Amino acid sequence: MAPRRPIDQMTEQTPVTQTAAAKVPTLPDAQTVTEVKHYTDSLFSFRVTRPASLRFRSGEFVMIGLMGDPDPVTGRQKPLLRAYSIASPSWDDELEFYSIKVQNGPLTSKLQHIQPGDTVILRPKPVGTLVHDALLPGKRLYFFATGTGFAPFASLLRDPETYESYDEVIITHTCREVAELTYGRDLIESIRSDELMGELLGEENLAKLRYYPTTTREQSPKMGRITSLIETGELFADLGVPPLSPETDRAMVCGSLGFNTDLKVLLEKAGLREGANSEPAEFVVEKAFVG
Ligand code: A2P
C-alpha cells in the first residue's frame with residue numbers, strides 16, 4: 001500500500017468559487033452527516049454518507065475532519081484531519097465513527113457540534129492493522145478495548161467473517177465510568193436483538209459473542225483494568241475459558257498507548273506474537289484516536 005502523505009502536506013486542490021456571491025471553498029471529499037448521538041460530555045458518535053467507491057476492510061481507519069479557520073494573512077483554509085477508525089461494518093451504506101470531545105482539541109472541539117446535514121471531509125484511503133488478514137487462523141478471538149478504542153471492534157463485531165472464522169468472540173471494554181460503556185453496550189444489545197443483524201451474522205454465530213465490560217473508577221458489576229484481570233486469571237475464570245495460548249487464541253488490541261504497551265507485554269508473555277498485514281501472527285495492536 002502506498003504511504004500516506006503527512007497531513008501537513010495535504011492542501012486543497014478545489015479552487016475557490018469565483019462568483020460574486022461568496023468565496024466559499026467547496027470541500028473536496030465532502031460527505032454529509034446523517035446522524036449524531038451524544039453519550040457523555042466527552043463521547044459522541046456520528047454517521048456520514050459513504051462515497052460510492054469506498055471499499056474497506058472492517059477494522060480499518062480513514063482520515064476525517066473539517067476545514068480549519070482561515071489563515072489571518074492569506075485567508076486560505078486548510079483541512080484539519082485526524083485518523084478515525086470506521087466503526088460501521090463494510091456492508092453498511094453509511095459510515096459510522098465514535099469520537100471523544102476534547103474541549104480545546106483543534107478538531108474535536110469543533111467536530112462535536114456537527115449536525116445532520118453538515119459536511120465533513122473524508123479521505124477515502126482506508127488503512128490499518130486491526131484486520132482479519134493480519135491474524136493466523138485460531139479458535140478464540142479477543143478484542144481488547146479501552147475508551148474509544150471500541151470503534152474498530154464495532155465494525156468487526158458486525159462483520160460475518162469475525163464469527164465464521166472463530167468458535168468464540170470475546171470483546172472486553174474498559175472505561176473509567178459506567179456511562180462511557182454506553183456506546184459499546186448499545187451496540188452489543190443491537191447485535192443480539194436486531195432481526196436484520198441476526199439474519200446477516202447468523203443466529204448460531206451470535207451465540208459465540210461474549211461481552212466483558214469493566215470500569216475502573218465508578219462502581220459496576222465488574223471492576224478493574226483488564227490487564228490486572230488477565231494477570232490474576234479472573235477474566236478467564238469469569239468466562240470459563242483456559243488462559244491465553246498461542247495455539248488457540250488470537251487478539252486485537254485498541255486503546256491508549258500505555259494500555260496497548262501493557263497488554264502487548266501480557267500477550268507476548270503468553271507466547272503470542274504480533275502480526276501485520278504482510279506477516280500474519282497471533283495478535284495485532286492499534287492506538288485509539290486521542291483527539
Ligand atoms: P484507570 O482508570 O485505572 O486509569 P483513559 O481514559 O486514561 O484512556 O483510560 C480508559 C480506561 O483504560 C480506564 O478504565 C483506565 O483505567 C484504563 N487504562 C488506562 N491505561 C491502562 C493501562 N496501561 N493498562 C490497563 N488499563 C488502562
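Just so you know, these numbers come straight off a predicted model, no measurement behind them. Every number for a ligand or one of its atoms is a count from 1 in the order of the listing.
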### Message
For Ser228, which part has a heavy atom under 4.0 Å from ligand 1: side chain, backbone, both, or neither?
### Response
neither
If you look only at distance, which donor and acceptor atoms sit under 3.5 Å apart when one is on a side chain in residues 223-232 and the other is two or more places apart or in another chain?
| unit_1 | atom_1 | unit_2 | atom_2 | d |
| --- | --- | --- | --- | --- |
| Thr232 | OG1 | Ser228 | O | 3.1 |
| Thr232 | OG1 | Leu229 | O | 3.4 |
| Thr232 | OG1 | Glu234 | N | 3.3 |

### Task
Would you mind running through ligand 1 and noting each atom that sits below 4.0 Å from a heavy atom of Asp262?
22 (C), 23 (N), 24 (N)
### Residues in ring pair (Phe, Tyr, Trp, His ring centres under 6.0 Å) contact with Phe283, at least two apart in sequence or another chain
none
### Message
Tell me whether Glu195 at atom CD has more than 12 heavy atoms from other residues, nucleotides or ligands lying less than 6.0 Å away.
### Response
no
### Task
Between Thr174 and ligand 1, find which residue part has any heavy-atom pair under 4.0 Å and reply side chain, backbone, both or neither.
both
### Pairing of Asp69 and Lys110 as salt bridge, 4.0 angstrom limit
yes
### Query
For ligand 1, which part of Arg176 has a heavy atom less than 4.0 Å away: the side chain, the backbone, both, or neither?
both
### Query
What's the shortest distance from atom 15 (C) of ligand 1 to any protein heavy atom, and which residue and atom give it?
Thr216 OG1, 3.9 Å
### Summary
atom 25 (C) of ligand 1 sits nearest the protein heavy atom Thr227 OG1, 3.2 Å
### Task
Give the residue and atom name of whichever protein heavy atom lies nearest to atom 17 (C) of ligand 1, and the separation in Å to one decimal.
Thr146 CG2, 4.2 Å
### Ionic contact status for Arg76 with Asp71, cut-off 4.0 Å
no
### Task
Any atoms of ligand 1 less than 4.0 Å from a non-hydrogen atom of Gly258? List them with their elements.
23 (N)
#### Entry: Test applied, side chain to side chain donor-acceptor pair (under 3.5 Å); reference residue, Thr214; option that passes from Thr174, Thr146, Thr172
Thr174
### Task
May I ask you to identify the nearest protein heavy atom to atom 8 (O) of ligand 1, giving residue, atom name and distance to one decimal place in Å?
Ser256 CB, 4.1 Å
### Message
Suppose we measure from atom 3 (O) of ligand 1 to each protein heavy atom; which comes out shortest, and what is that distance?
### Response
Arg225 NE, 2.8 Å
### Task
Might you point out which heavy atoms bring Ile171 and Ile188 nearest each other, and give the distance in Å?
CG2-CD1, 3.8 Å
